[in-house]
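Worksheet for the structure shown next.
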Amino acid sequence: PTGWFMIPQQISQYQLLYGVDGKADNIMNGIKCPLGKGDIYIIRPGAVRSLQPSKHDPYVGITISFHFGLSKSPIEFMFGKDYIKGSDPDGSLLGKLIPLIQAIQQHSLTSNMLAQGLLLQILYDLATNHPVDGTAKQTTKINAKMVKICNYIKENYSTTIRLDTLSEMTGLSRNYIIRQFRKCYGMTPSDYLATIRIEKAKQLALETDLSISEIANQVGYTELHSFSRMFKKRMGISLSQFNATLISSLDIVSPLEES
């Protein structure tokens, strides 16, 4: 609508702003920053921001709020502590934002995993093209590679993922990858892979009629024994016990159904 604006407000989550068309002043903690077509900002939680669109060139944009839950945020490791500004002159990142929005709107476990992967890919692309100098530039590139590894694991959890593959993909040594990944995410790549596989296995147990052996195969295990041992070690119960817990929960009669 004509004459709209956003009053100052403190944000509680990360926000990604993308200028689709027109112009606006993006004001963060009292600092006025221009926001136009193809401009991207990532703003950290706690910032006070407002938006003043241009009267002569109406602003159209995308705002996505996100967080990393209990996981450690990779933002500081990738970009430092200031707000992040990038640009998308060829529209390639916009092409990733559209399916990200669609995945967020679907509200399912599968779409949530897809959205996480797309968001990490966008952050990686932005970090790769973010103009920084000297040591900061090298640090940004390395941490962007950690995000690339994270995204690769999310997309390929059902296949065999080896450190040698990650090393070839990033040009970093295996030991260096382990150290840097733990620094960014608080766990090793193998621990992260196991976490993704467990969550996917739980999802399949909840949403499908697959056998435990079939579920193990779908999440990347050719041997049922190896999968069962990993699941029980990390969850404290077996997948069959997890299934039994789900069945017991479904058998509970709602008070509204009692006569």
Starting from the C-alpha separation in whole Å, work towards a yes-or-no answer on side-chain contact (heavy atoms from CB on, under 4.5 Å) for N217 and F227.
-> CA-CA 9 Å; N217 187 258; F227 167 76; over 6 Å; no
Could you tell me the separation between the CG atom of L97 and the CD atom of Q102, rounded to the nearest 0.5 Å?
-> 11.0 Å
With no hydrogens and no angle check, is any side-chain donor or acceptor of Q10 less than 3.5 Å from a backbone partner on V48?
-> no
S211 and E214: CA distance, side-chain angles, deciding distance, side-chain hydrogen bond (donor to acceptor under 3.5 Å, both in side chains) verdict | CA-CA 5 Å; S211 68; E214 289 171 325; 3.3 Å; yes
For residues M146 and I149, determine if any side-chain heavy atom of one lies less than 4.5 Å from a side-chain heavy atom of the other.
-> yes
Side chains of S65 and I11: closer than 4.5 Å at any heavy-atom pair?
-> no
Heavy-atom side-chain proximity of L166 to P189 below 4.5 angstrom | yes
Would you say the side chains of Q116 and K154 form a donor-acceptor pair under 3.5 Å?
-> yes
Tell me, please, which residues at least two apart from K96 pass salt bridge (charged side-chain N to carboxylate O under 4.0 Å, His left out).
-> D125
For D57, check salt bridge (charged side-chain N to carboxylate O under 4.0 Å, His left out) against everything at least two apart and list the hits.
-> none
Can you tell if the side chain of L51 reaches within under 4.5 Å of the side chain of Y59, non-hydrogen atoms only?
-> yes
Do we see a donor-acceptor contact under 3.5 Å between the side chains of T188 and S190?
-> yes
May I ask you to decide if the ring planes of F68 and Y14 are parallel, tilted or perpendicular, using 30° and 60° as cut-offs?
-> perpendicular
Do R49 and Q15 get their side chains close enough for a donor-acceptor pair, meaning under 3.5 Å?
-> yes
Electrostatic pair D191:R234 at N-O distance under 4.0 angstrom = yes
Above 12 or not: heavy atoms from other molecules or residues under 6.0 Å from CD of E223?
-> no
Do R197 and Y221 meet the cation-pi criteria used here (NZ or CZ under 6.0 Å from the six-membered ring centre, within 45° of the axis)?
-> yes
Ring-ring centroid check Y18 Y41, cutoff 6.0 Å = no
